[in-house]
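What follows is one structure encoded as structure tokens, with my remarks underneath.
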Amino acid sequence: MSDHADETNAAEDPAAAAGPSHAEGKPMTDLERIRHSAAHILATAILRIWPEAQFAAGPPVENGFYYDVDLPHRISPADFERIEAEMKKETKANHPFQRVEVSRDEALALAENGALASLGERPGTPSKFKLDIVQHIPEGEKITLYKNGDFTDLCAGPHVGRTGNVGAFKLTHVSSTYYKNDEKNPQLQRIYGTAFKNRTQLDEYFAMLEEAKKRDHRKLGKELELFTFDEDVGPGLPLWLPRGTAIIEELEKLAKETEFAAGYERVRTPNLARENMYLTSGHIPLYADSMFPPMELDDIKEKRRNLTKEYEETIRQQSYVSVWEARQRGIREEDLGAYVDFAIAHEIKEGNPPFELAEVLKRQLAIHKELSELPEPERYYLKPMNCPHHHKLFGAVPRSYRDLPLRLAEYGFCHRYEQSGELQGLMRVRSMQMNDAHIYCSEAQFESEFNAVNQMYLNYFKLFGFSKYQMRFSTHDPAKLGEKFVDNPELWKKTEDMVRDVLIKSGIPYVEVPNEAAFYGPKIDVQVWSAIGKEFTIATNQVDFAVPAKFGLKYKTRDNTEETPLCIHRAPLGTHERFIGFLIEHYAGNFPLWLSPEQVRVLPIGDEEPLVEYAQAVVKELRAEGVRATLDAGTDPIKAKIADAEKMKVHTMLVVGNRDLEAGNLSVRVHGKGNLGARPRGEVVADLLVSIKERRA
RNA sequence: GCCAACGUAGCACAGUGGUAGUGCAGCUGAUUCGUAAUCAGCAGGUCAUGGGUUCGAAUCCCAUCGUUGGCUCCA
């Protein structure tokens, strides 16, 4: 079943091809077999409750399985208990999974009789999706059914031996999907669940999910007062609180230092630009769906509106006059419409309209002329990317090969109109600050520039301790040239070959995915995995062979000819929004000292004057060195002050009591490590400064 | 954008047709303390918004906005 479905999908749908491994002919793992079998058991259970259910595909997926079902009843989590009880009966019964090979005709006949993904024949109601799937199985390929108890499904398998081998399962959520992911197809309910060999593993999985919830950047962001969203500001538009801003500024400092050392130059550009620039860049034809609608500067808006209204009025009058005219000529009522359309066209053509109509038409013509002569309103768009602005900067000064590679860097603010359903905390937002830079270089320089960028990623990953990452090399789909990708097949091929060569030579592990390139060229997305196994595309590195030419960018070569530069778009730290979202989950909010929003909090034991003065002096000294240090001068007992600081995950707490005051010490307590004991003030301060400077983990 | 669920004080939650509650945070006062929570008092809500049903709505219905989980899309 699902496997056939996936195979038919795979040819036209890259997402399916990139999906579960079995779709690419790799054998299923044991766990995948269990989950795939659980999908059949789910279908069995649903059919016992709703015999009219029609099933489409039910593969194992990363954390479980699903089955897509068409059913008038809307399944909700409230139904899960009932369905699970039926599933339990099926696993208790411990039916064998029987594989049956059938001919194409037999499979078609069964599907026609409604006997596929079914508990038996359902005369008059064919198994419509299974029928479609059978019809798409390539000629010559074996067609198999799998049966468990009364349930028979079209399925390539494999399965576990008996239903009882699915040791533990649980339904998790319902969502919707289109059959074969195509919105022209019927919408199906997708029932998700997970399954394991035994109860212990299932419990462990849910315990892991609970842990993951505690690390969720949305939860921690709220608790640690890093950022907030506000309905009045708008969805997907994060507001950075001071603590979150501290992290942003540390990252910018890191990027600026790194890029400066690597020969980048910093630039600044505004957040919007005129329509014309985005027509040139190709954003409006190819990327407009992801852009905020334009702002129109229109000082003759009133005039335009009035003229338009008047124009519409003449159209009404015109048909009114024509109808009157037609009646005069005795045209039958039912033919009026056709006559009027014809007559107007004819009489205008003949240059001989009746007087009243002539007047109306004359006026209409005049208004039309006036309208068309009005200047178009000026349109400004919020920038979705920094590249066009940077191209303008490249073009602002005559360039020679001596200027290349020219690396223009900017932490630019970009705005993209992401679909409302896509927004997710900081991970998908509509306003983002990008660690952007554009490297303009010659073809000969491409390889070394590209490798230098890759090296920069790897250094960052080491600094943050990202151990699991992968490069995704995204290429274009020739079928979508001119629609999703700039229409220049030769350059696509040339550039993609060039990038592939460099990737292979550099030895960095990568996977290639078709149809996911940027509209202007192939790209390499860098995927990283958080400590709890969540995967994100965090950084990107794209080659642009198209847009510099559209902007007419040129440089003088050594032999005094003109060349168009290549452009590498790169953002190793991605956007602040997603990167910090990821860091929050990666560190579970326990940031290393250098990134910590509140690096040091000094906690006097009590509020006696000399103690507080000592504490204040320590804070002042640290702040003078740029350390984010604060003082808790309240009257709470020290235990309460510590609890407060620990709750906010303050990195280092410096407890000062009379003992410390007398000895000139600071008692150091580090979040997550507890009390580390008292040491001389100077030593403690020096250590803090070194740790921050070296960005120690 | 589509499907579904959800929206009660700053936060976490209780309240399913009959007077809006609890804990933490906040404020005020007392407490002067050595490594994760001292005590007491006070204040805080148009129950997301707008309509409807009802004698009566946080509770039932509709719409809108937002959030969450998926689909599609992406840094």
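On a predicted model such as this, the values are computed, not experimentally measured, just so you know. The chains referred to below are lettered A, B, ... by the order of the sequence lines, with proteins before strands, and numbering in each begins at 1.
If you check every strand for non-hydrogen atoms under 4.0 Å, A:Ile538 touches sugar and phosphate atoms only. Within the nucleic acid shown, A:Thr575 comes within 4.0 Å of at least one base atom, counting heavy atoms only. Counting any heavy atom pair closer than 4.0 Å across all strands shown, A:Glu223 reaches no nucleic acid atom. Base engagement by A:Gly657 is indicated by at least one non-hydrogen atom pair under 4.0 Å involving a base atom. Residue A:Asn658 is in base contact, counting any heavy-atom pair closer than 4.0 Å across all strands shown. Within the nucleic acid shown, A:Ser420 comes within 4.0 Å of at least one base atom, counting heavy atoms only. Counting non-hydrogen atoms under 4.0 angstrom, A:Gly425 reaches the backbone sugars and phosphates but no base. When heavy atoms are screened at a 4.0 angstrom cut-off, A:Met653 is found touching no nucleic acid atom at all. The residue A:Met432 sits close to a base: some heavy atom pair falls under 4.0 Å. Note on A:Gln542: only backbone sugar-phosphate atoms sit closer than 4.0 angstrom, heavy atoms only; bases stay farther off. Nucleic acid contact class of A:Arg578 (heavy atoms, under 4.0 Å, all strands): base.
Between A:Arg218 and the phosphate of B:rU67, there is no side-chain N or O to OP1/OP2 separation shorter than 4.0 Å.
At a cut-off of 3.5 angstrom, the base of B:rC71 holds at least one donor-acceptor pair with the side chain of A:Glu422. The base of B:rC74 is not paired with the side chain of A:Arg430 by any donor and acceptor separated by under 3.5 Å. At a cut-off of 3.5 angstrom, the base of B:rC73 holds at least one donor-acceptor pair with the side chain of A:Arg428.
Comment: A:Glu32 does not engage A:Arg35 in a salt bridge, judged by the lack of any side-chain N to carboxylate O separation of less than 4.0 angstrom.
Taking the ring pair (Phe, Tyr, Trp, His ring centres under 6.0 Å) definition, one finds that A:Tyr264 meets it with nothing, sequence neighbours left out. Legend: residues meeting side chain to side chain donor-acceptor pair (under 3.5 Å) with A:Asn435, ordered by chain and number and at least two apart, are A:Glu259. Not counting sequence neighbours, A:Arg578 has no partner by the salt bridge (charged side-chain N to carboxylate O under 4.0 Å, His left out) test. Listed by chain and number, the residues in a ring pair (Phe, Tyr, Trp, His ring centres under 6.0 Å) with A:His217 amount to none (sequence neighbours excluded). Take A:Lys253 and apply the salt bridge (charged side-chain N to carboxylate O under 4.0 Å, His left out) test, not counting sequence neighbours, and it matches A:Glu250.
With B:rA75, B:rU32, B:rC2 as the choices, the nucleotide that has an atom nearest any side-chain atom of A:Asp607 turns out to be B:rU32. Comparing B:rG66, B:rC2, B:rG69 by their nearest atom to the side chain of A:His173 picks out B:rG69.
Summarising the base pairing, B:rG7 is matched to B:rC65 through a Watson-Crick or G-U wobble pair whose two defining distances lie under 3.5 Å.
Rounded to a whole angstrom, the distance from the P atom of B:rU32 to that of B:rG69 is 49 Å. When the C1' atom is compared between B:rA58 and B:rU49, the two are found 14 Å apart, to the nearest whole Å. With P as the reference atom, B:rC42 and B:rG21 are 15 Å apart, rounded to whole Å. B:rU22 sits 7 Å from B:rA14 when the C1' atoms are compared, rounded to a whole Å.
Looking at A:Thr172, its side chain does come within 3.5 Å of a backbone N or O of A:Tyr192 through a donor-acceptor pair.
Sorted by first and then second residue, the pairs that involve residues 637-660 of chain A and meet salt bridge (charged side-chain N to carboxylate O under 4.0 Å, His left out), not counting sequence neighbours, are A:Glu646-A:Arg669. Residue pairs meeting the side chain to side chain donor-acceptor pair (under 3.5 Å) criterion with at least one partner in residues 223-239 of chain A, sequence neighbours excluded, are A:Lys219-A:Glu223.
Few gaps surround NZ on A:Lys256; more than 12 heavy atoms of other groups in view lie less than 6.0 Å from it.
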| field | Footprint string (nucleotides 35-44 of chain B, 5' to 3'): B base within contact, S backbone only, - free, heavy atoms under 4.0 Å | value | BBBB------
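Projected onto RNA chain B by closest heavy-atom contact, A:Tyr192 and A:Glu577 fall at different nucleotides, the more 5' of which corresponds to A:Tyr192. Closest-nucleotide positions on RNA chain B for A:Gln189 and A:Lys523 were compared, and the one nearer the 5' end corresponds to A:Gln189.
No hydrogens or angles considered: nothing links the side chains of A:Asn271 and A:His415 as a donor-acceptor pair under 3.5 Å.
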Scan nucleotides 6-8 of chain B against the protein and return all N/O pairs shorter than 3.5 Å with their distances rounded to 0.1 Å.
none

